[in-house]
Amino acid sequence: MTLVQMQPRSPHADLVLRTVDDAMEAAGPQVCDDMTVEVALAVTASSRADRLLVCDEDGLCTGLITRERLSAIRDSAAYTDQLRLRDVLGDRGPFTSPMTTITEAEHAMRYRELTALPVVDEQGSALGVLALAR
């Protein structure tokens with residue numbers, strides 16, 4: 001019988017091996033990007049959600065918007081009741097893949113100062129949300 005010497009595992013070793021797929025939350029409420037800011041605020045209130053996944057007319061995820069950001073937009077001087085989510089989201093993204101490691105995703109989120117990140121498949125459909133622990 002041969003003894004095998006075990007090396008102590010780093011407490012962060014599991015994070016390197018785990019993927020976003022292991023840690024993501026359910027997608028939650030999804031809304032279309034042609035929805036107005038006011039209606040989106042009503043959806044967050046009625047669903048008690050802090051954020052909404054926004055999709056285009058083809059069902060592809062275009063981004064994520066928080067209740068806090070929606071409220072700030074509504075309270076701004078430039079707000080009109082015709083303002084649509086697609087007008088305030090700008091470019092698509094950022095997103096992450098379910099195969100990205102948690103360490104990589106966490107680094108990207110901290111670098112971009114994001115608290116949540118949509119997880120999308122190869123076609124761009126929303127699978128869930130990766131959120132930083134509070």
Side-chain angles (χ1 to χ4, degrees):
M1 176 163 50
T2 306
L3 292 175
V4 177
Q5 186 173 8
M6 301 293 287
Q7 295 292 326
R9 272 180 78 139
S10 163
H12 302 290
D14 285 341
L15 292 179
V16 174
L17 303 176
R18 292 182 59 210
T19 64
V20 168
D21 190 46
D22 300 323
M24 70 179 178
E25 302 170 4
Q30 294 184 33
V31 296
C32 192
D33 64 356
D34 68 348
M35 180 179 283
T36 65
V37 168
E38 194 65 36
V39 173
L41 272 166
V43 170
T44 61
S46 66
S47 65
R48 296 187 174 124
D50 291 330
R51 59 187 169 258
L52 300 172
L53 282 171
V54 183
C55 300
D56 65 13
E57 64 275 356
D58 297 322
L60 302 179
C61 186
T62 58
L64 180 141
I65 194 156
T66 64
R67 182 186 312 189
E68 182 180 347
R69 180 150 179 242
L70 288 167
S71 295
I73 291 166
R74 183 190 57 199
D75 296 341
S76 74
Y79 174 75
T80 71
D81 62 355
Q82 298 301 309
L83 194 59
R84 308 229 176 253
L85 293 178
R86 72 170 62 105
D87 301 328
V88 298
L89 278 180
D91 294 335
R92 287 179 56 113
F95 308 105
T96 192
S97 161
M99 300 312 295
T100 303
T101 66
I102 292 176
T103 303
E104 292 172 322
E106 182 182 50
H107 176 74
M109 290 171 71
R110 292 193 191 285
Y111 179 78
R112 293 180 172 166
E113 298 178 353
L114 301 171
T115 58
L117 194 59
V119 180
V120 298
D121 64 14
E122 299 83 23
Q123 290 77 35
S125 298
L127 299 173
V129 174
L130 181 67
L132 290 177
R134 296 177 196 230

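For CD of E68, the number of neighbouring non-hydrogen atoms (other residues, nucleotides, ligands) closer than 6.0 Å is 12 at most.
By the rule that hydrophobic residues join a cluster once side-chain heavy atoms approach within less than 4.5 Å of another member, M109 and M24 end up as members of one cluster. Cluster annotation: L132 is not connected to L64 through the hydrophobic network of ILVMFWY side chains, with a link wherever side-chain heavy atoms come within less than 4.5 Å.
Using a 4.5 Å heavy-atom threshold, the side chains of T19 and P98 count as separate. Counting only heavy atoms from C-beta outward, the side chains of D81 and E38 never approach each other to under 4.5 Å. In this structure the side chain of C55 never reaches within 4.5 angstrom of the side chain of T62, judged on heavy atoms.
Taken to the nearest 0.5 Å, the CD atom of E57 stands 8.0 Å off from the CG atom of D34. Residue H107 holds its NE2 atom at 10.5 Å from OG1 of T101, rounded to the nearest 0.5 Å. Between atom CG of residue D50 and atom CZ of residue R69 there is a gap of 15.5 Å, rounded to the nearest 0.5 Å. For the atom pair D121 CG and L127 CG, the distance stands at 5.0 Å (nearest 0.5 Å). Note that CD of E104 is 11.0 Å distant from CE of M99, once rounded to the nearest 0.5 Å. Expressed to the nearest 0.5 Å, how far OG1 of T36 lies from CD of Q82 amounts to 7.5 Å.
Contact record, P118 with P94: CD-O, 3.5 Å, taken as the closest heavy-atom pair. When all heavy atoms of A131 and R51 are compared, the pair lying nearest together is CB-NH2, 3.8 Å. Taking every heavy atom of both residues into account, A27 and V129 meet most closely at O-CG2, 3.9 Å. When every heavy atom of S97 is checked against every heavy atom of V20, the shortest pair comes out as O-CB, 3.6 Å.
V120 shares a hydrophobic cluster with F95; the chain of contacts runs through ILVMFWY side chains whose heavy atoms sit under 4.5 Å apart. L85 shares a hydrophobic cluster with V31, M35, V37, V39, L41, V43, L52, V54, I65, L70, I73, Y79, L83, V88, L89; the chain of contacts runs through ILVMFWY side chains whose heavy atoms sit under 4.5 Å apart.
The closest donor-acceptor contact from the side chain of D56 to the backbone of D58 lies under 3.5 Å.
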